[in-house]
Amino acid sequence: MLVVMRHDATAEQVESVARVIEDMGYQPRPIPGAQRTAVGVVGNDGRVDAARLGALPGVREIVHITKPYRQVSREWKSDDSVIALPGGVVIGGRDLVVIAGPCSVESKDQILEVAQAVRECGAAVLRGGAFKPRSSPYSFQGLGQAGLDLLAEAREHTGLAVITEAMDPESVSAVQECADIIQVGSRNMQNFSLLKKVGRASKPTMLKRGLAATVTEWLLSAEYLVSEGNHQVMLCERGIRGFDGTTRNLFDVTAIPATQSLSHLPVIADPSHGTGRRDLVPAMARAATAAGAHGLMIEVHPDPERARSDGDQTLSIPEFATLMQEIRAIAEALGRGIATPVRQAVG
Ligand code: PEP
Ligand code: MN
C-alpha cells in the first residue's frame, strides 16, 4: 500500500503518517518525489485500516498495490476452489451444477413434486426458501422450521443436495443443521454479523451479490466468510439494480468471468432473480452457461401462477425441462457436462 501525500504536505505531516504506520505495526518507507512524497507501507498483511491513514492531514490518496481482499483472490490461490457436496456433486469443477426449485417451500406436495421433477431433468441441488427475506412485511415469510423439515424430506426422497437461506444470525444453526449449502441472500451480503456467524459454520455457503454491490464489495464479503475459517464458499451473481424497469434487475453476465479472473471461488449464476421475468430466464441461463458459470440457480414451481413468491420469474416444470436440454447442449459444446448426484434416492 502506498500513502500518497498532497503536493503541499509538510514534513511534519509526512512524519506523522510514518508514525501512524509504525503504530499499526508496519514499517513506513517514505519515497520523496519531485512533486510529492509517497509513503510505502511495508509488512502489510492485508489488514491495514486504509481509512485511518486516508483521514490524516496532508494525505491525498491511498493506493492499494494488492487487492483489498486476500484469501479469496487468485493471487492467494491460483487454482479454482472446488466444493464437494454430500451425494457426490462437485461445484467449481468442469461440470455445470444446476440448482433448481421453488422460491419458497410452500407445502409437502409442492416441494416433493418439484424435487422429483428437477432431479429427473438433471438438477443436482434442490433450492427452496424456508426463511424468506421479503420487501413487504405482509408478504409470505416462509414456513420456517417446517420448511426446513420438508426440504430434508425431499432430499431423502430424491438424493438431491439442499440449499436454503439463513436470514439472520439466529437462523444459522437451524439452517446449518438441515442444509447442504447455506445461502446468504442479496439483502444480507453486507450483514457482517451474519457473515461472521456463517463463516464459523462448517458448511458450504453461497453468497449472493448484493442489490447494488460492486464486485470488490462482494469479494470483501466473501473474505469475511473465509477469514472466519469457512473455505467452502461460492458466489452467486443475481443481478444488480439498474435504472430501467424493463427487467427486475440487470443480470451482470460480465461479472461471471470477471469475478472468476479475480477469485478462485466458484461462481453460480441466478438468471431468475437476475431478470425477474420468466420469458427471459432461459436466454440468460444459456448466456451464463456460455460465459462459464460453474452453476445455475433456477426457480421452478409445479404451478408458477400460484407460487407464493417470485411466480413471475419462475419456470414451470416443462419449461425447465426444455431449458435443461439447451443448457446441456451448450455445456457439451464447451467440453463440459451437467453434474449429477451419485447418491441414491430412498423413496
Ligand atoms: C432467493 O434466492 O430466493 C432470494 C431471495 O434471492 P436474492 O437474495 O438474490 O434476492
Ligand atoms: Mn425468489
Side-chain angles (χ1 to χ4, degrees), residues 97-106 110-111 114 118 123 125-137 139-144 147-148 150-151 161-168 171 175 179-191 194-195 198 204-213 215 217-218 221-222 225 234-242 247-253 255-256 259 267-278 280-281 284-285 288 293 295-316 320:
V97 175
V98 178
I99 303 171
C103 181
S104 303
V105 180
E106 297 170 2
Q110 174 238 22
I111 197 69
V114 80
V118 299
V125 182
L126 174 68
R127 67 149 285 143
F131 298 98
K132 292 303 301 175
R134 305 305 302 281
S135 301
S136 164
S139 300
F140 177 56
Q141 303 286 308
L143 296 180
L148 297 180
L150 291 175
L151 284 170
V162 160
I163 179 169
T164 195
E165 177 162 353
M167 228 174 63
D168 42 44
S171 58
V175 167
D180 299 297
I181 307 172
I182 303 172
Q183 173 168 320
V184 175
S186 203
R187 288 155 193 80
N188 270 321
M189 190 203 84
Q190 288 187 316
N191 180 340
L194 176 63
L195 294 176
V198 174
T205 298
M206 188 178 85
L207 176 66
K208 295 190 103 177
R209 183 176 179 185
L211 301 176
V215 169
E217 288 163 340
W218 189 20
S221 289
L225 296 168
M234 64 201 89
L235 301 161
C236 178
E237 161 57 41
R238 51 77 71 204
I240 45 174
R241 278 273 159 86
T247 54
R248 179 178 180 185
N249 289 300
L250 279 178
F251 183 54
D252 189 358
V253 183
I256 298 165
T259 306
V267 179
I268 309 294
D270 171 357
S272 303
H273 294 86
T275 62
R277 282 177 43 180
R278 187 181 311 142
L280 300 178
V281 169
M284 289 304 99
L296 296 175
M297 175 177 255
I298 310 285
E299 286 186 335
V300 183
H301 192 287
D303 187 358
E305 305 290 326
R306 305 180 77 155
R308 297 191 70 182
S309 57
D310 286 350
D312 290 351
Q313 65 195 34
T314 297
L315 300 190
S316 66
F320 179 66

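Just follow the structure's listing: the first ligand is 1, and inside any ligand the first atom is 1.
- Under a 4.0 angstrom heavy-atom cut-off, R209 registers as lying outside contact with ligand 1.
- Two residues are said to be in side-chain contact when any heavy atoms from C-beta on lie closer than 4.5 Å; R209 and T259 fail this criterion.
- Of all heavy-atom pairs between L250 and G242, the closest is CD1-CA, 3.7 Å.
- Against a heavy-atom cut-off of under 4.0 Å, K208 is close to the following atoms of ligand 1: 1 (C), 2 (O), 4 (C), 6 (O), 7 (P), 8 (O), 9 (O).
- Residue R134 qualifies as enclosed at atom CZ: its count of foreign heavy atoms under 6.0 Å is above 12.
- Within ligand 1, counting atoms from 1 as listed, the ones closer than 4.0 Å to a heavy atom of R238 are 7 (P), 9 (O), 10 (O).
- Vertex the Mn ion (ligand 2); arms to H273 NE2 and D310 OD2; angle rounded to 10 degrees, 90°.
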Show your reasoning for whether side-chain hydrogen bond (donor to acceptor under 3.5 Å, both in side chains) applies to H301 and D310. CA-CA 10 Å; H301 192 287; D310 286 350; over 6 Å; no
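- Atoms of ligand 1 lying under 4.0 Å from any heavy atom of G185, numbered from 1 in the order shown and given with element: 8 (O).
- Under 3.5 Å, the side chains of R238 and S186 contain a donor-acceptor pair of N or O atoms.
- From the protein, the heavy atom lying nearest to atom 4 (C) of ligand 1 is H273 NE2, 3.4 Å.
- Each of the atoms 3 (O) of ligand 1 lies under 4.0 Å from some heavy atom of C103.
- Under a 3.5 Å cut-off, the side chain of N249 and the backbone N or O of F251 do not form any donor-acceptor pair.
- Within E299, the N/O/S atom positioned nearest the Mn ion (ligand 2) carries the name OE2.
- In terms of heavy-atom proximity, C103 sits nearest to S309 at SG-OG, 3.1 Å.
- Ranking the protein heavy atoms by distance from atom 8 (O) of ligand 1 puts S186 N, 2.7 Å first.
- Close contacts between ligand 1 and E299 involve ligand atoms 3 (O) [criterion: under 4.0 Å to a heavy atom].
- Residues L207 and M189 form a side-chain contact, since some pair of their non-hydrogen atoms from C-beta on lies under 4.5 Å apart.
- Among E237, Q313, R127, E165, the residue whose heavy atom lies closest to atom 3 (O) of ligand 1 is R127.
- For the pair K132 and ligand 1, the shortest N or O to N or O distance falls below 3.5 Å.
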